Amino acid sequence: MRWSSLFIPTLREAPAEAEAVSHQLLVRGGFIRQLQSGHYSMLPLGWKVHRRIAEILRQEMDAIGAQEVLLPAIHQAAIWQQSGRWDAIGDDMFRLVDRKGADQVLGMTHEEVIASIGVELSSYRDLPQMWYQIQTKFRDEPRPKSGLLRVREFTMKDSYSIDLDDEGLDRSFNLHHQAYQRIFARLDLHAIPVEASSGAMGGSNSVEFMVESGAGEDDVAVCSGCDYAANLERATATLATVESRPGSEAPERFPTPGIRTIDALAEAGHPAEHQIKTLVYRVDGELALLLLRGDHPFQEQKFLDATGASEITPAESDDIRAALGASPGSLGAVGVDDLVVYADPALEGRTGMTTGANEDDVHYSGVDVDRDIGVDRWVDIRGIVDGEACASCGEPLSVVRCIEAGHIFKLGRKYAEAMGVSVLDADGQSRIPTMGSYGIGVGRAMAAVAETHHDDSGLIWPISIAPYEVVVTVVKVDDEESMAAAEAIYEGLQAAGIEALLDDRDERPGVKFADAELVGFPLRVTVGPRGLQTGHVEVGLRADGSQTEEPVGTVVDTLVGRVEAGRRAGS
RNA sequence: CGGGAUGUGGCGCAGUCUGGCAGCGCACCUGCUUUGGGAGCAGGGGGUCGGCGGUUCAAAUCCGCCCAUCCCGACCA
């Protein structure tokens, strides 16, 4: 294509509202434009990148034997009611009513629809099946942000496996795990597979593919010594031993006027690791006490996963006062027996602890957890902290910010059962198959690449997904010899199956160079009268900024070699 | 949903406090010059100042309500 006839609206400055680097560069490079919050138009360049990513997804899905389908984006409420998610999901789902008054949803995921097709499976001989689609998903996110990273309408590759038994599910799950690693390698994304919470989806195994980036929204604990990595919602670590302070016969009350925080109490001579942090939450509507060591953060998702509770919210201060007789800052669990008390195992066996006495401005010291507190359930609910020791190898864990680029998990039989999927096994017995669900967001992958592939001048696309693999920059378009040489190179590249762009715009060279770098073409051929005098052009590598002289006669072969090597990279 | 901020031409911004002709840079159009790293000169086009209502002789500017966008938090298969 010729640049002069394309729509590539580059901007010198990014819109003020663009914060994330990927957002700024994708807008400045003319890839995307925002229509409204969370909804973006893919302009020609953006759509080309999007299509190339989708093509890699197709190839790798096909390679593991998955079959492409296309499912409806609008579903009747009935199938969501059948699975129980009509009520379970809430405001995240776009809902609408059709002209007949029937409730409809815009699909945010497709387990129900897949299972509704799965009812046609009747024999174990029909299994396993793996079906995937590349389709628009709708989610009414409370807060879309960071350009393409979190949006309300996006294209997703979602696949689903259906197997007779757990061994089959393991096989399908592992095939996806391997396929995802190949996909991210081809996208040149360093994606770490991490243990994750499967959240409200249920299921046993859940692995997220995480790309380290400050623009992400998830915190991941990564071990420096072994390959342990886990989402903070799930991560565990070995605690350094803390020597309990000397105990006493019974808890002792002492006045703490004005002391409301862990820090303030620590300054008063009671270090945080010798304090019990008492939180009051409503767990599925019921007030409960949650106890942690003073210096440990609460990890809500861990609590949900461990207890099976579906909703927890911090209690209102009026309710707290009514139940305990004091305000936050002076709360404790000593002597409390009418509320459920959950405690983190880090408190087990501890003595000489300090905690609130349920009277404003009064605390207890000398608390023996096992003796003085009626713990109903011990549950691991603490969030680990950067630097703690890996539970597997003892080396320090580091906590890094990540973009969730992919997620695979085992659904089990929940959806098959709800939707009435069953097959006969070899013994003629009716069996409910088990399913898996596997997703990669296409636009988010594009943003993740942008987020990790750029410099001060702009984007740096991997050859595998670049909008054009080579840009032929004509320095002086009214120089006939230059144009002729550039056209010949351009046509040679096209003939060799290279995606090439001829920058034939009548612009100053500086403008053309700057645009090429902003847009991020991996390879640039610069054709100008200066080089042509000796029969040379320049080949520039966007990744390292190198420029090398190349005879006009061999430049096409050189470029073809580089592009083909780049396409193979990672695969 | 709670907290904070912002809305003035395609993009970036000034003007708002203290009411009085709607401005600047980039981009765009025409002409001349220039031409290997975001050119110069001259001329030109483009704006319901987020919306509605109010105060006033007069509102981008003051007041009220609403909307949108961004950030933090909550939330989030």
Side-chain angles (χ1 to χ4, degrees), chain A residues 7 9-20 23-24 27-28 30 33-39 80 83-85 88-93 105 107-112 114 137-147 149-152 156 158 160 196-203 206 208 215 217-218 233 300-301 304 310-314 404 406-411 414-415 435-439 441 457-458 473-479 482 503 505-518 524-533 536-538 540 545 547 549:
Chain A
F7 182 58
T10 58
L11 296 174
R12 230 187 244 210
E13 293 179 277
E17 62 264 21
E19 180 99 347
H23 187 189
Q24 294 178 355
V27 171
R28 285 187 57 210
R33 285 296 184 266
Q34 177 175 307
L35 177 64
Q36 59 164 333
S37 181
H39 299 263
W80 287 81
S83 71
R85 290 207 284 185
I89 285 186
D91 291 338
D92 255 27
M93 189 151 62
V105 313
M108 55 189 297
T109 178
H110 282 76
E111 283 81 8
E112 283 82 357
I114 286 286
K137 296 280 189 274
F138 300 91
R139 294 179 191 183
D140 193 353
E141 291 287 347
R143 186 150 86 86
K145 57 182 287 200
S146 305
L149 281 174
R150 188 165 204 80
V151 290
R152 302 206 305 172
M156 185 176 199
D158 50 322
Y160 306 87
S197 161
S198 26
M201 294 295 295
S206 174
E208 291 170 335
E217 299 179 285
D218 286 277
E233 294 176 346
E300 288 195 17
Q301 190 64 46
L304 292 171
S310 57
E311 192 185 5
I312 59 169
T313 51
E404 179 189 341
H407 196 173
I408 61 179
F409 52 97
K410 297 179 180 176
L411 296 171
K414 175 180 169 180
Y415 294 95
M435 295 172 57
S437 171
Y438 318 91
S457 305
T473 301
V474 188
V475 170
K476 195 170 162 59
V477 291
D478 54 4
D479 176 57
S482 290
D503 190 354
R505 294 175 300 164
D506 184 13
E507 287 286 354
R508 300 176 66 82
V511 173
K512 302 172 87 160
F513 296 150
D515 271 347
E517 282 152 21
L518 172 61
R524 185 178 88 205
V525 192
T526 308
V527 182
R530 207 172 64 191
L532 288 177
Q533 284 179 355
H536 287 77
V537 294
E538 278 162 31
Q547 300 271 346
E549 294 271 316

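Reminder, nothing fancy here: chain letters follow the sequence lines and each chain counts from 1. Keep in mind that this is a model prediction, so the values were computed, not measured.
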Rounding to an integer number of angstrom, what distance separates [N] and [M] when you compare their [atom1] atoms?
{"N": "B:rG7", "M": "B:rA14", "atom1": "C1'", "result": "15 Å"}
{"N": "B:rG20", "M": "B:rG25", "atom1": "C1'", "result": "27 Å"}
{"N": "B:rC11", "M": "B:rG4", "atom1": "C1'", "result": "25 Å"}
{"N": "B:rA22", "M": "B:rG47", "atom1": "C1'", "result": "8 Å"}
{"N": "B:rG15", "M": "B:rU33", "atom1": "C1'", "result": "36 Å"}
{"N": "B:rC70", "M": "B:rG31", "atom1": "P", "result": "41 Å"}
{"N": "B:rA60", "M": "B:rC21", "atom1": "C1'", "result": "14 Å"}
{"N": "B:rG36", "M": "B:rC24", "atom1": "C1'", "result": "32 Å"}

Fill in the blank from the handout: Separation between NZ (A:Lys512) and NZ (A:Lys476), nearest 0.5 Å, reads 11.0 Å
Need one value for [X]: base, sugar-phosphate or nothing, where a base atom within 4.0 Å counts as base even if backbone is also close, heavy atoms only.
{"X": "A:Met156", "result": "base"}
{"X": "A:Pro142", "result": "base"}
{"X": "A:Ala88", "result": "nothing"}

For [N], the Watson-Crick or wobble partner whose two distances fall under 3.5 Å:
{"N": "B:rU56", "result": "none"}
{"N": "B:rU16", "result": "none"}
{"N": "B:rU35", "result": "none"}
{"N": "B:rC1", "result": "B:rG73"}
{"N": "B:rA42", "result": "B:rU30"}
{"N": "B:rC65", "result": "B:rG51"}
{"N": "B:rC21", "result": "none"}

Practice task
For A:Lys145 and A:His23, run side-chain hydrogen bond (donor to acceptor under 3.5 Å, both in side chains): C-alpha distance rounded to whole Å, both residues' side-chain angles, the deciding distance at 0.1 Å, then the answer.
Solution key: CA-CA 9 Å; A:Lys145 57 182 287 200; A:His23 187 189; over 6 Å; no
Exercise for the section: Take the protein atom CG of A:Asp218 and the nucleotide atom P of B:rC75, then report the distance between them rounded to whole Å. Expected result: 14 Å
Exercise for the section: Send over the distance from A:Glu141 CD to B:rA74 P, rounded to a whole Å. Expected result: 15 Å
Practice task
Only counting residues at least two apart or in another chain, list the ones meeting salt bridge (Lys or Arg N to Asp or Glu O under 4.0 Å) with A:Asp506.
Solution key: none
Exercise for the section: Applying side chain to side chain contact (heavy atoms under 4.5 Å, CB included), name anything that partners A:Leu304, two or more places apart in sequence or on another chain. Expected result: A:Gln301, A:Ala309, A:Ile312
Quick one: list whatever passes side-chain hydrogen bond (donor to acceptor under 3.5 Å, both in side chains) with [X], sequence neighbours left out.
{"X": "A:Asp479", "result": "A:Ser482"}
{"X": "A:Gln34", "result": "A:Tyr40"}
{"X": "A:Gln547", "result": "none"}
{"X": "A:Glu517", "result": "A:Arg524"}

Problem - A:Glu111 with A:Arg85: basic N within carboxylate O range, under 4.0 Å - result: yes
Handout entry: Protein-to-nucleotide contact annotation, 5' to 3' order, nucleotides 24-42 of chain B [B base; S sugar-phosphate only; - none; under 4.0 Å, heavy atom]
Key = -BS-------B-BBBB---
Problem - Non-neighbouring partners of A:Tyr160 that pass ring-ring contact (aromatic ring centres under 6.0 Å, His included), sequence neighbours left out - result: none
Write down the protein N/O and nucleotide N/O pairs, taken from nucleotides 68-71 of chain B, whose separation is under 3.5 Å; answer none if there are no such pairs.
| residue | atom | partner | partner atom | Å |
| --- | --- | --- | --- | --- |
| B:rU69 | OP1 | A:Ser37 | N | 2.9 |
| B:rC70 | OP1 | A:Ser37 | OG | 3.3 |
| B:rC70 | OP2 | A:Ser37 | OG | 2.7 |

